[in-house]
Amino acid sequence: NGCNAVTIALDRFEREIIMKHVILIDSSPSINGALAHLLEQYGYQCTVFGDPDMAFQYLQTEQCDIIIAQNNLAFGNGLEMLSHVRAAYPQICCILLVEEMTEIIQSLSRNAGIHHVFEKPVETFHLIQVMEAQTFRIRLSALPDVTHINQKSLNKCTNKCGSTSTAEIH
């Protein structure tokens, strides 16, 4: 029945929201390592690359939620790579890290559909907030049948199905 479908969708949604996979792209192994270590403390699974082409190839077989790329890479351009990612995988959140924020970078990023551009050094708290909000938004949009449920209909479904799980969806 419909209640079981809602319960299954919510259970799957809760499981998936916890599983957050990030691809980090920076030419510096020490920067990649430090950022990966930091993000892992917040529950992110990180895969690191120094070469944007290798990261793009990886995306052809593996899924991720977020890509964080440095703009100036030894083997390419982060902005260019992220624009290719946005075209091929629009569900992935793309974050660009730049040495200096310029109007040109802002304009190119906006035109490429990059979600966020941060000037380095980045405040960890702000980066994590943006990543969490974007991951939640992407996951929520993947469940269109659930997003319109209000608390009253969910309670009615819970009472009818005998389930004890509750949720609040706004």
Side-chain angles (χ1 to χ4, degrees), residues 9-10 12-147 169-170:
L10 287 174
R12 190 187 73 182
F13 176 73
E14 288 171 2
R15 250 192 337 272
E16 287 181 359
I17 201 74
I18 294 168
M19 303 288 289
K20 299 170 280 193
H21 182 202
V22 179
I23 292 178
L24 303 173
I25 307 167
D26 196 306
S27 301
S28 168
S30 61
I31 301 255
N32 265 341
L35 188 53
H37 178 72
L38 176 74
L39 294 177
E40 287 165 355
Q41 292 177 354
Y42 285 90
Y44 289 89
Q45 172 194 348
C46 298
T47 305
V48 298
F49 292 95
D51 183 338
D53 291 334
M54 290 180 68
F56 196 78
Q57 287 176 3
Y58 177 83
L59 281 175
Q60 294 172 10
T61 59
E62 301 294 328
Q63 293 183 348
C64 81
D65 299 296
I66 300 170
I67 297 180
I68 301 175
Q70 165 66 37
N71 191 41
N72 297 321
L73 299 165
F75 299 106
N77 180 295
L79 176 59
E80 222 173 89
M81 187 272 189
L82 291 178
S83 80
H84 292 300
V85 168
R86 289 292 299 146
Y89 307 98
Q91 75 280 9
I92 296 175
C93 172
C94 294
I95 298 174
L96 182 67
L97 305 178
V98 298
E99 298 293 330
E100 181 183 356
M101 185 72 73
T102 65
E103 287 183 32
I104 293 171
I105 291 284
Q106 288 177 338
S107 177
L108 291 172
S109 298
R110 196 172 25 258
N111 292 340
I114 306 303
H115 292 95
H116 299 281
V117 181
F118 288 102
E119 186 173 70
K120 296 186 346 183
V122 178
E123 265 192 56
T124 305
F125 179 74
H126 188 65
L127 178 63
I128 296 297
Q129 275 188 317
V130 166
M131 291 171 65
E132 289 295 317
Q134 193 62 40
T135 301
F136 182 75
R137 209 172 291 118
I138 288 169
R139 295 290 188 191
L140 192 59
S141 69
L143 298 170
D145 295 333
V146 175
T147 57
I169 301 174
H170 300 278

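Heads up: numbering here begins at 1 and tracks the sequence.
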Side chain proximity check, [X] to [Y], heavy atoms < 4.5 angstrom:
| X | Y | answer |
| --- | --- | --- |
| Leu35 | Val122 | no |
| Leu39 | Ile68 | yes |
| Phe118 | Val130 | yes |
| Glu62 | Ile23 | no |
| Ile95 | Leu82 | no |

Euclidean distance, [Y] [atom2] relative to [X] [atom1], rounded to 0.5 Å:
| X | Y | atom1 | atom2 | answer |
| --- | --- | --- | --- | --- |
| Glu40 | Gln45 | CD | CD | 8.5 Å |
| Arg86 | Asn111 | CZ | CG | 13.0 Å |
| Leu97 | Leu79 | CG | CG | 12.0 Å |
| Gln70 | Asn77 | CD | CG | 10.0 Å |
| Tyr58 | Asp51 | OH | CG | 15.0 Å |
| Tyr44 | Ile66 | OH | CD1 | 4.5 Å |

Holding to side chain to side chain contact (heavy atoms under 4.5 Å, CB included), I want the full list of residues that pass it with Val117, two or more places apart in sequence or in another chain. Leu96, Val98, Met101, Ile105, Ser109, Ile114
Smallest separation among heavy atoms of [X] and [Y], with atom names:
| X | Y | answer |
| --- | --- | --- |
| Met81 | Ala55 | CE-CB, 3.7 Å |
| Gly78 | Ala69 | CA-CB, 4.2 Å |
| Thr47 | His21 | OG1-NE2, 2.7 Å |
| Tyr89 | Leu59 | OH-O, 3.5 Å |
| Met131 | Val22 | CE-CG2, 3.7 Å |
| Glu99 | Glu119 | O-CG, 3.7 Å |

For Gln60, does the CD atom have more than 12 heavy-atom neighbours from other residues, nucleotides or ligands under 6.0 Å away?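 Counting other residues, nucleotides and ligands, CD of Gln60 exceeds 12 neighbours.
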Would you say Gln41 has more than 12 foreign heavy atoms packed within less than 6.0 Å of its CD?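 Counting other residues, nucleotides and ligands, CD of Gln41 exceeds 12 neighbours.
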With Ser28, which residues qualify under side-chain hydrogen bond (donor to acceptor under 3.5 Å, both in side chains), at least two apart? Ser30
Contacts of type side-chain hydrogen bond (donor to acceptor under 3.5 Å, both in side chains), residue Ser107, not counting sequence neighbours: none
When you measure from the side chain of Asp26 to the backbone of Asn32, do you find a donor-acceptor pair of N or O atoms at a distance under 3.5 Å?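 Between the backbone of Asn32 and the side chain of Asp26 there is no qualifying donor-acceptor contact (under 3.5 Å).
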